[in-house]
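Input: a single structure, listed below in structure tokens.
Heavy-atom basis, side chains included; hydrogens, waters and symmetry copies ignored. Numbers here are sequence positions counted from 1.
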Amino acid sequence: MTMDEVREFERATQEATNKKIGIFPPAISISNISMPSSTRSAPSSAPSTPLSTDAPEFLTVPKDRPRKKSAPETLTLPDPAKKPL
């Protein structure tokens, strides 16, 4: 399917949906809100600069933990030479 065919399919689907359920106004509205001048210093797409070079706590390497004793140390598989009862 080409992109033009996809667009045509999506347009037809949207049109059929609009006919079936009607057109609804958006649930939210966007208005101009004045921001403090400190938030306008960088474009909204600019990443924030971390205050330290240390990795956040959730990215640190986990400390060694003892194995849970509920799990067996080894897995015992059935012997294929023995026939099940």
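The two atoms that bring Thr2 and Glu5 nearest to each other are N-OE1, 2.8 Å, heavy atoms only.
The hydrophobic cluster of Met3 has no other members, since no ILVMFWY side-chain heavy atom comes under 4.5 Å of it. Other members of the cluster containing Met1 are Val6, with ILVMFWY side chains joined at under 4.5 Å, either directly or via other members.
Checked against side-chain hydrogen bond (donor to acceptor under 3.5 Å, both in side chains), Gln14 has the following partners two or more places apart in sequence or in another chain: Asn18.
Between Arg11 and Glu8, at least one side-chain N (NZ, or NE/NH1/NH2) sits under 4.0 Å from a carboxylate O, which counts as a salt bridge.
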